[in-house]
Amino acid sequence: MVVQCQLANLSNCKQLTDSQAHHTSTRMPQTMSLSSFPEMIIKKRDGGQLSAEEIHDFIEGVTSNSMQQSQIGAMLMAIWQKGMNSDETLKLTEKMMKSGQVLHWSGEWLVVDKHSTGGVGDKISLILAPALAACGCKVPMISGRGLGHTGGTLDKLESIPGFKINLTVDVVKQTLQDVGCCIIGQTETLVPADRIIYSIRDITGTVDSVPLITASIMSKKAAEGLSALVLDVKFGKAALYKDLESARCLAQSLVTVGNKLGIKTGAVLSRMDAPIGRCVGHTLEVYESLECLKGHGPDDLNNLVTTLGGCLLHMSGRSATPEDGQNAISEVLKNKKALEKFQEMLVVQGVNAEISRSLCSENAEYFQYLQPARYQTEIKALDDGTVLGIDGKAIADVLHKLGAGRSKSEDQINHSVGAELLVDLGHPIKKGQRWIRIHHDCEKLSSKQQQDLQEALDIGSADDYKDSPRVAEFILPH
């Protein structure tokens, strides 16, 4: 059962981050005076509702650089403390969307996308974008980089030699025409207000605000010119939301705003405790994505791909039910049509045709082209029993320290660092059995890293195992 959240009170929910790059425009506002900014800040600080004109002036002040950074921070803190109701959140999203270029496509195209709130082993986009293209959709997927313990789609794809994330709008349009999908970074002209606002949210402790998160995500998706959007909102130990109720609040806010903007928007609430699939890390996740596209993916990964894709096909009218949509996604994975789209996308985005063909061949020698780590270390179980849980956050934190992640957006990452799970949840395990393989470039793991990994594995009695499905709830438009 889906519980509706009152958007006016969403600031009380636990909340999530969304990481993006930053940009400053040079336009000047037409009507704002510097003295008006403090009045707006005070109004919101005291719990008042901002009018559409005030929100317009706020965004103009941000993008024109006429509003001081301290004033922007004060306004963001006021929003974080007092929240925004549904009308304010919608207006903020609209004004941010219109702060830059809005993409327009052929009226005959069904343009769709998927957005995830981030997790461990979350490689869904690499599989779902070409699968949707194989089903006749156009997918201009604008993705981000990893920050903190969560991985980024762009970082994964850049582990493929030659892959380019920066395409002009004209090249994107031609790619959608010829292939049906592309996965790129945010352009300089899309939603510049978000670039500025997020950079200040990041340093003022105001990232975790549902109205601000909603406006950030949905302004970018609306600027993509989408017909339909599915959101994967995660909760659990390895997500930034730890509980279902908090995730549900954000999901409802995103779905409400998306549909009011004219985008058929739905959400899937999914558990993010153990990693998705068996691989974590950029190069290893590309390998596992290719295996999934060849019909060999692990069950939980396949299920999440087909569930999200099925929702999108249903919302956009391509299938009568979500289940029919799932079957359509499953079929293009089985018959390799999604794999063909992925291979075509790689070539368009800069990968040598021979490398692309080799990676997508049935018996690919992946590490002939993908960079392997110099060392591998396998960790053994300390007890007999049943695998009750695997803490994806603990694993990701170790990989982060080994070079797989970044603490600041400009940090360099090591694409070859990663982990392979060698056991499954709910299955028996013996003392001394190897349960995880770490790929790393340092000569050996520290004792602290090995201890942290040991503590990530929860072993107990089979009677205590609870088989919880990855997907917990759906919020779909009527």
Side-chain angles (χ1 to χ4, degrees), residues 2 103-116 123-143 153 172-184 218 221-233 251 254-270 289 292-293 295 297 301-345 470-471 473-478:
V2 175
L103 302 179
H104 299 282
W105 314 105
S106 167
E108 299 176 355
W109 288 1
L110 176 58
V111 184
V112 304
D113 200 0
K114 160 259 176 191
H115 178 84
S116 169
K123 56 198 74 74
I124 304 300
S125 295
L126 279 67
I127 307 157
L128 185 56
L132 289 166
C135 291
C137 300
K138 305 297 184 183
V139 191
M141 190 172 282
I142 298 176
S143 296
T153 297
V172 169
K173 288 182 178 179
Q174 191 61 51
T175 302
L176 294 185
Q177 176 67 50
D178 298 341
V179 179
C181 63
C182 59
I183 303 177
I184 60 173
M218 295 310 303
K221 294 305 174 184
E224 287 181 28
L226 300 180
S227 305
L229 170 69
V230 66
L231 299 145
D232 182 3
V233 181
L254 292 164
V255 168
T256 298
V257 168
N259 283 288
K260 285 183 178 180
L261 289 172
I263 305 169
K264 282 287 184 69
T265 306
V268 169
L269 297 167
S270 65
S289 297
C292 186
L293 286 164
L301 176 58
N302 285 331
N303 180 257
L304 196 49
V305 169
T306 58
T307 297
L308 291 164
C311 289
L312 257 181
L313 292 179
H314 173 59
M315 289 189 299
S316 57
R318 283 296 172 99
S319 65
T321 66
E323 293 73 22
D324 289 341
Q326 283 186 264
N327 292 334
I329 298 293
S330 294
E331 181 60 27
V332 297
L333 292 175
K334 289 176 184 175
N335 63 24
K336 307 295 194 298
K337 289 184 178 179
L339 179 65
E340 292 172 11
K341 290 294 184 182
F342 187 77
Q343 181 178 338
E344 293 171 10
M345 183 186 77
R470 179 75 68 173
V471 174
E473 288 184 7
F474 299 85
I475 303 177
L476 299 179
H478 299 298

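Just so it is clear, the structure is predicted and the values come from calculations on it, not from any experiment. Counting begins at 1 with the first residue of the sequence.
Proximity of Pro140 to Leu103: side-chain heavy atoms (C-beta onward) are nowhere separated by under 4.5 Å. Inter-residue side-chain proximity for Val112 and Met315 is flagged as unmet; no heavy-atom pair is nearer than 4.5 Å. The closest side-chain heavy-atom distance from Lys123 to Leu301 is below 4.5 Å. Between Leu476 and Val255, the closest side-chain pair of non-hydrogen atoms is not below 4.5 Å. Within the 4.5 Å cutoff, the side chain of Leu231 has no heavy atoms near those of the Ile475 side chain. Residues Thr265 and Leu254 have side chains not in contact (no heavy-atom distance under 4.5 Å, counting atoms from C-beta outward). The shortest side-chain heavy-atom distance between Leu293 and Pro130 falls under the 4.5 Å cut-off.
Expressed to the nearest 0.5 Å, how far CG of Leu304 lies from CG of Leu128 amounts to 9.0 Å. With rounding to the nearest 0.5 angstrom, the NZ atom of Lys138 is 13.5 Å from the NZ atom of Lys173. Separation of atoms CG (Leu229) and OG (Ser316) is listed at 11.5 Å; rounding is to 0.5 Å. Atom CD1 of Ile127 sits about 11.0 Å away from atom CG of Leu339, to the nearest 0.5 Å. Atom CD of Glu331 sits about 10.5 Å away from atom NZ of Lys336, to the nearest 0.5 Å. Taking OG of Ser270 as the reference point, atom CG of Leu308 lies at 7.0 Å (rounded to 0.5 Å).
In this structure, the side chain of Lys334 does not engage the main chain of Gly295 through any donor-acceptor pair within 3.5 Å. Judged by distance alone, with hydrogens and angles left aside, the side-chain atoms of Ser319 form a donor-acceptor pair with the main-chain N or O of His314 at under 3.5 Å. Formation of a donor-acceptor pair under 3.5 Å by the Arg318 side chain with backbone atoms of Cys135 is found in this model.
Listed here is the closest heavy atom pair of Met345 and Val179: N-CG1, 4.0 Å. When all heavy atoms of Ile263 and Ala222 are compared, the closest pair comes out as CD1-CA, 3.7 Å. Pairing each heavy atom of Ala131 with each of Leu333, the nearest pair is CB-CD2, 4.5 Å. Considering every non-hydrogen atom in both Ala328 and Leu313, the closest pair reads CB-CD1, 3.9 Å. Contact record, Trp105 with Val172: CH2-CG1, 3.8 Å, taken as the closest heavy-atom pair. Pairing each heavy atom of Cys181 with each of Ala129, the nearest pair is CB-O, 3.8 Å.
Residue Lys337 places its NZ atom among 12 or fewer non-hydrogen atoms of other residues, nucleotides or ligands, all under 6.0 Å distant.
The side-chain hydrogen bond (donor to acceptor under 3.5 Å, both in side chains) check on Gln343 picks up nothing, with sequence neighbours excluded.
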message: For Cys311 and Val268: C-alpha separation, side-chain torsions, deciding distance, then whether side chain to side chain contact (heavy atoms under 4.5 Å, CB included) applies.
response: CA-CA 9 Å; Cys311 289; Val268 169; 4.1 Å; yes

message: salt bridge (Lys or Arg N to Asp or Glu O under 4.0 Å), that's the test. Do Lys221 and Asp113 meet it? Break it down for me.
response: CA-CA 8 Å; Lys221 294 305 174 184; Asp113 200 0; 2.8 Å; yes

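Using modelled atom types, one finds a donor on one side chain and an acceptor on the other under 3.5 Å when comparing Lys114 with Ser125.
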